[in-house]
Amino acid sequence: MKVGLFIPCYVDQLYPQVAVATLQLLEKLGVEVDYPLQQTCCGQPMANAGFASLAAGCEALFAQNFAVYDYIVSPSGSCVLHIKDHLQVPHKEAETAHIRTHIYELSEFLTDVLEVKELPARFPHKIGFHLGCHGQRGLHLAQMSELAAPAYSKPGYLLSLVQDLEVVPLSRPDECCGFGGFFCVTEEAVSAKMGQDRVADHQANGAEYIAGADVSCIMHLEGVLRRQKSPLKVIHLAQILNGDA
C-alpha cells in the first residue's frame, strides 16, 4: 500500500505541525507515505464561491499528482469532500474515478482502511471535540444528533485509544462553528457569534483544548480564542493521535 499525503494549502502555510503529525502517525502505523511536491490548492475555494470553472487547473494538477497512489489521505475533511464530490478532469475519467473513491480524511482512513485497534499515544488533558460539518454531514465521520439512529464517531473511537485522555461532553455536540469557508467573509457577524457560542460550550464544560479533525474550523475557533485572550488551546486530531503531548 502506497499513500499520497494531501496537505491543503492553508494547512501547509498556517498549520504545518498538523501535516508533520499526520505524516509521523501514518509512518508509525507502517504506511509507506509519499508527498507530491508539486501539489497545490485542490480548487475548493473557487468552487465554493460559485466559480467552479476556475478550479479546472487545480483539479487537473491534483489528478496528475495523485492518480498513481493506492490511497490519498488528508487531515482536512472539507478538502477531501470537495475532491470526492467534484473532481472532474476532461479525458481523465478513469484517473479521477480512482481518486474520488480512494481519497480519505485521516480518521476514516485509520478506521475504515487500516482498521486501527491500538495507538502508541498519550495525551493527559481534557479536550472537547469539534467535528466540522463537512466531516460529519458530508463524509459521515459521526452520527448526526438529530437522527434517531445508533451513535458512532470515527474520531471518537480513535480518541478512546489514547492513554490518559479525557473527552468532556459538550452541550451541543455537533453544532457548526460558523466558519463555512466564504460564509465567514460574507456573513462576518453571524460567523463570529457562532464561533463564540462554540467556544463557550467548550469553556463551560471544562475543556483544556478544543480538538478537531478539520483545520479550517480549528483556525476559526483559534481566532475567537485569541480575541478573548482565552487560555483554551486548539489542537488537531492528528497531533493527539501522534502523541504530541
Side-chain angles (χ1 to χ4, degrees), residues 4-20 22 35-67 69 72-90 92 95-97 99-109 130-141 175-195 198 210 212-224 226-227 234 236-238:
L5 181 59
F6 165 40
I7 299 300
C9 42
Y10 66 98
V11 180
D12 177 64
Q13 294 296 312
L14 300 173
Y15 292 85
Q17 66 273 25
V18 173
V20 172
T22 302
Y35 178 80
L37 294 177
Q38 301 305 312
Q39 63 179 287
T40 61
C41 178
C42 67
Q44 181 189 185
M46 293 79 91
N48 285 355
F51 298 97
S53 61
L54 299 181
C58 292
E59 293 181 346
L61 182 59
F62 191 95
Q64 178 181 321
N65 281 320
F66 287 101
Y69 296 104
I72 302 102
V73 177
S74 176
S76 171
S78 61
C79 294
V80 168
L81 184 63
H82 170 73
I83 293 298
K84 274 184 178 288
D85 286 355
H86 300 293
L87 181 68
Q88 294 185 32
V89 180
K92 297 287 185 181
E95 292 89 338
T96 55
I99 290 171
R100 287 197 304 270
T101 55
H102 289 80
I103 186 169
Y104 286 82
E105 181 273 336
L106 177 64
S107 68
E108 64 175 346
F109 180 73
H130 171 74
L131 185 58
C133 302
H134 285 89
Q136 183 160 30
R137 301 175 187 281
L139 297 175
H140 306 294
L141 301 182
E175 186 174 70
C176 178
C177 71
F179 176 66
F182 278 96
F183 177 79
C184 71
V185 178
T186 59
E187 298 290 345
E188 177 186 357
V190 178
S191 173
K193 184 61 171 68
M194 292 175 71
R198 199 75 190 110
I210 299 178
D214 207 319
V215 179
S216 55
C217 299
I218 289 174
M219 178 172 61
H220 178 61
L221 295 172
E222 186 173 36
V224 174
R226 286 183 176 180
R227 285 166 178 78
V234 299
H236 190 274
L237 176 69

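Nothing here was measured: the structure is a model prediction, and the numbers come from that model. Nothing fancy with the numbering, it's 1 onward along the sequence.
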Point-to-point distance, once rounded to the nearest 0.5 Å, from [atom1] of [X] to [atom2] of [Y]:
| X | Y | atom1 | atom2 | answer |
| --- | --- | --- | --- | --- |
| Q39 | C58 | CD | SG | 12.0 Å |
| T40 | I7 | OG1 | CD1 | 13.5 Å |
| K84 | C79 | NZ | SG | 13.5 Å |
| C42 | I72 | SG | CD1 | 12.5 Å |
| H220 | I210 | NE2 | CD1 | 10.5 Å |
| S216 | L221 | OG | CG | 9.5 Å |

Please report the closest heavy-atom contact between [X] and [Y], naming both atoms and the distance.
| X | Y | value |
| --- | --- | --- |
| V18 | A238 | O-CB, 4.3 Å |
| L81 | H134 | CD2-CD2, 3.6 Å |
| L141 | E105 | CD1-OE1, 3.4 Å |
| H140 | R137 | CE1-O, 3.5 Å |
| A63 | V89 | CB-CG2, 4.0 Å |
| A19 | V11 | N-CG1, 4.2 Å |

Problem set entry | Contacts of F62 that satisfy ring pair (Phe, Tyr, Trp, His ring centres under 6.0 Å) - sequence neighbours left out | F6, F66

For this session: Would you check, one step at a time, whether the test side-chain contact (heavy atoms from CB on, under 4.5 Å) holds for Y69 with H102?
Result: CA-CA 9 Å; Y69 296 104; H102 289 80; over 6 Å; no

Problem set entry | Partners meeting side-chain contact (heavy atoms from CB on, under 4.5 Å) with V190 (sequence neighbours left out) |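 Here the qualifying residues are F183, E187, M194.
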
Problem set entry | Partners passing side-chain contact (heavy atoms from CB on, under 4.5 Å) against V224 (at least two apart in sequence or in another chain) | Q196, V199, Q228

Exercise. Can you name the residues that form a salt bridge (Lys or Arg N to Asp or Glu O under 4.0 Å) with E222, not counting sequence neighbours?
Worked result: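 E222 satisfies salt bridge (Lys or Arg N to Asp or Glu O under 4.0 Å) with R226 only.
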
Exercise. Any donor and acceptor pair, going by atom type alone, linking the side chain of H236 with main-chain N or O of I218 inside 3.5 Å?
Worked result: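 Not at all, since once roles are kept as given, no pair shorter than 3.5 Å links the two residues.
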
Exercise. So, does D214 use its side chain to make a donor-acceptor pair with the main chain of G77 at under 3.5 Å?
Worked result: yes

Exercise. So does Y35 have more than 12 non-hydrogen atoms from other groups sitting under 6.0 Å from OH?
Worked result: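 Correct, the count exceeds 12.
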
Problem set entry | Side-chain touch P8/V215, heavy atoms, less than 4.5 angstrom | no

For this session: Report yes if the side chains of S76 and Y10 come closer than 4.5 Å at any heavy-atom pair, otherwise no.
Result: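 Yes, at least one pair of side-chain atoms sits under 4.5 Å.
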
Exercise. Which residues pass the side-chain hydrogen bond (donor to acceptor under 3.5 Å, both in side chains) test with Y104, sequence neighbours left out?
Worked result: none

Exercise. In a check of side-chain contact (heavy atoms from CB on, under 4.5 Å) between I103 and each of V73, L87, I83, which one passes?
Worked result: I83

Exercise. Which pairs with one or both residues in residues 55-67 pass side-chain hydrogen bond (donor to acceptor under 3.5 Å, both in side chains), sequence neighbours excluded?
Worked result: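 Output for this query lists E59-H82.
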
